[in-house]
Amino acid sequence: MKIGFIQMEPKLLDLNANLSKAETLIKDAAKQNAKLIVLPELFDVGYNFETKEEVEEIAQQIPDGETTQFLMEQAKEHDMFIVAGTAEKDEKGKLYNSAVIVGPIGGGYIGKYRKIHLFYREKLFFEPGNLGFHVFNIGIAKVGIMICFDWIFPEAMRTLALKGADIVAHPANLVLPYAPKAMPIRSLENRVFSITANRIGEERGLRFIGMSQINSPKAEILLRASENKEEVGLVEINVEKARNKKLNEFNDLFKDRRPEHYVI
């Protein structure tokens with residue numbers, strides 16, 4: 001199974017430009033036979049907002065909004081699954097930093113996740129996620145989703161792993177240098193593959209670090225992108241390697257857990 005990331009530089013508050021760029025990069029991934037591709041956090045709208053009104057004007061409902069419909073069309077056209085970050089406005093007008101997962105089967109829309117751990121000024125614009133962590137069975141794999149700053153909380157990825165995730169899709173807008181170092185360890189301690197799709201560029205003085213990457217259940221960095229170039233990165237994986245939690249004949253990562261001792 002070939003999985004990967006799209007690393008791109010969204011244009012702040014320019015939906016049409018961002019969807020057009022994503023379409024080109026998705027087509028490139030399709031030519032390389034990608035089956036699961038991850039786009040950055042808020043790939044369609046940019047990140048460094050000044051006012052809540054900016055977000056309200058461009059955020060959309062899921063799945064009826066233009067971004068999700070676009071992703072559904074791309075997934076069907078190219079016979080792939082796509083995870084991508086987007087600004088969501090719910091039916092009551094509340095705003096969420098969300099991610100959707102779509103695919104080529106059925107109606108195309110599979111589900112969504114709302115970011116639980118908001119970072120820095122995101123708290124001025126978005127509500128904390130209220131849907132919990134979910135794993136989506138896409139047939140060829142079980143995919144969990146978390147967004148950017150969720151990585152720093154070990155409970156996030158552990159929850160997805162305990163719910164059966166083979167792969168953790170991680171749309172991101174990273175500005176701190178730590179996640180590229182930590183994500184291989186997150187993959188190791190949960191024995192899952194992970195795909196961090198970060199963005200590049202600078203918005204209103206805020207610089208993003210790139211370095212999107214794919215990590216193995218053994219903490220191997222299978223592929224890492226540059227810090228400043230738009231790229232499509234793909235790796236062929238064997239999903240079964242994420243389903244074997246044994247470290248040796250005596251130790252099983254999940255069976256050896258003793259949660260009764262983890263309480264405070």
Side-chain angles (χ1 to χ4, degrees), residues 1-12 14-47 67-68 70-86 99-104 108 110 138 140-141 143-148 151 166-175 179-180 183-184 187 192-203 207-216 220-239:
M1 175 183 177
K2 190 169 279 190
I3 65 172
F5 56 76
I6 286 176
Q7 178 168 286
M8 59 181 281
E9 182 176 1
K11 188 173 181 180
L12 185 63
D14 194 336
L15 179 66
N16 291 334
N18 295 329
L19 296 189
S20 178
K21 178 177 289 188
E23 182 175 10
T24 299
L25 294 168
I26 291 170
K27 188 175 296 185
D28 186 8
K31 289 178 181 178
Q32 300 179 60
N33 300 313
K35 293 307 294 182
L36 171 65
I37 200 79
V38 184
L39 279 76
E41 175 184 17
L42 300 172
F43 88 97
D44 55 340
V45 297
Y47 180 82
T67 292
T68 308
F70 160 79
L71 293 168
M72 290 162 59
E73 292 168 4
Q74 293 297 307
K76 289 182 180 179
E77 179 180 349
H78 299 299
D79 189 29
M80 67 168 63
F81 294 89
I82 302 172
V83 176
T86 183
V100 298
I101 179 169
V102 300
I110 298 172
I138 63 172
I140 53 177
V143 180
I145 302 175
M146 63 184 198
I147 298 175
C148 204
W151 75 265
D166 304 311
I167 303 166
V168 172
H170 182 217
N173 277 186
L174 299 168
V175 296
M183 284 302 290
S187 290
V192 297
F193 291 95
S194 64
I195 309 167
T196 296
N198 196 29
R199 62 159 292 175
I200 59 167
E202 186 173 310
E203 274 181 9
R207 190 182 74 83
F208 303 89
I209 66 171
M211 292 194 289
S212 300
Q213 63 188 42
I214 303 169
N215 304 297
S216 83
E220 302 158 312
I221 300 175
L222 301 176
L223 181 65
R224 177 180 281 175
S226 68
E227 297 181 22
N228 54 14
K229 295 179 182 178
E230 294 187 315
E231 301 179 40
V232 175
L234 298 170
V235 169
E236 186 77 35
I237 67 163
N238 179 356
V239 176

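Side chains of Met8 and Pro40 form a contact here, defined as non-hydrogen atoms less than 4.5 Å apart. Contact annotation: the side chain of Val102 never approaches that of Ile110 to less than 4.5 Å [non-hydrogen atoms, C-beta and beyond]. For the pair Ile37 and Ile6, the minimum side-chain heavy-atom distance is below 4.5 Å. Side chains of Gln74 and Ile82 form a contact here, defined as non-hydrogen atoms less than 4.5 Å apart. A 4.5 Å side-chain heavy-atom check between Leu234 and Ile3 finds every atom pair outside the cut-off. When side chains are defined from C-beta on, Pro104 does not count as touching His78, because their heavy atoms never get closer than 4.5 Å. With contacts defined as side-chain heavy-atom distances shorter than 4.5 Å, the pair Val143/Leu36 qualifies. Taking the side chain as every heavy atom from C-beta outward, Val100 and Leu71 approach each other to under 4.5 Å.
To the nearest 0.5 Å, atoms CD1 (Ile200) and CZ (Phe208) are separated by 11.0 Å. Atom CZ of Phe5 and atom CZ of Arg224 lie 10.0 Å apart (nearest 0.5 Å). The OG1 atom of Thr67 sits 5.0 Å away from atom CG of Leu19, with the distance rounded to the nearest 0.5 Å.
Among residues two or more places apart in sequence or in another chain, the ring-ring contact (aromatic ring centres under 6.0 Å, His included) test is passed with Phe81 by none. Residues that satisfy the side chain to side chain donor-acceptor pair (under 3.5 Å) test with Asn215, not counting sequence neighbours, are Ser194, Gln213. By the side-chain contact (heavy atoms from CB on, under 4.5 Å) test, Asn33 is found to be paired with no residue, residues two or more places apart in sequence or in another chain being considered. Partners of Glu220 by side chain to side chain donor-acceptor pair (under 3.5 Å), not counting sequence neighbours, listed by chain and number: Ser216. Applying the salt bridge (charged side-chain N to carboxylate O under 4.0 Å, His left out) rule to Glu9 yields no partners; only residues at least two apart in sequence or on another chain are considered. Residues satisfying the ring-ring contact (aromatic ring centres under 6.0 Å, His included) criterion with Phe43, sequence neighbours excluded, are absent altogether. In terms of the side-chain contact (heavy atoms from CB on, under 4.5 Å) criterion, residue partners of Asn198 (sequence neighbours excluded) are, by chain and number, Ala172, Leu174, Ile209, Ser212. With sequence neighbours excluded, no residue forms a salt bridge (charged side-chain N to carboxylate O under 4.0 Å, His left out) with Glu231. Looking at residues two or more places apart in sequence or on another chain, you find a side-chain contact (heavy atoms from CB on, under 4.5 Å) between Val235 and Ile214, Leu222, Leu223, Ile237.
Smallest separation of non-hydrogen atoms from Ala17 and Lys11: CB-CD, 4.4 Å. Shortest non-hydrogen contact noted between His170 and Thr196 is ND1-OG1, 2.8 Å. Ile195 and Gly4 get closest at one heavy-atom pair: CG2-O, 3.5 Å. Nearest heavy-atom pair, Leu42 versus Tyr47, reported as atom, atom and distance to 0.1 Å: CD1-CD1, 3.7 Å. For Glu202 against Arg199, the heavy-atom pair with the smallest separation is N-NH2, 4.4 Å. Minimum interatomic distance between Met146 and Trp151 (heavy atoms only, all atoms of both residues): CE-CA, 3.8 Å.
Sorted by first and then second residue, the salt bridge (charged side-chain N to carboxylate O under 4.0 Å, His left out) pairs with a member in residues 19-42 read Lys21-Glu230, Lys35-Asp79, Glu41-Lys115; sequence neighbours excluded.
Remark: Lys2 NZ is packed, more than 12 non-hydrogen atoms of other residues, nucleotides or ligands lying under 6.0 Å away.
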- [ ] Step by step, work out the side chain to side chain contact (heavy atoms under 4.5 Å, CB included) result for Val232 and Gln32.
- [x] CA-CA 10 Å; Val232 175; Gln32 300 179 60; 4.2 Å; yes
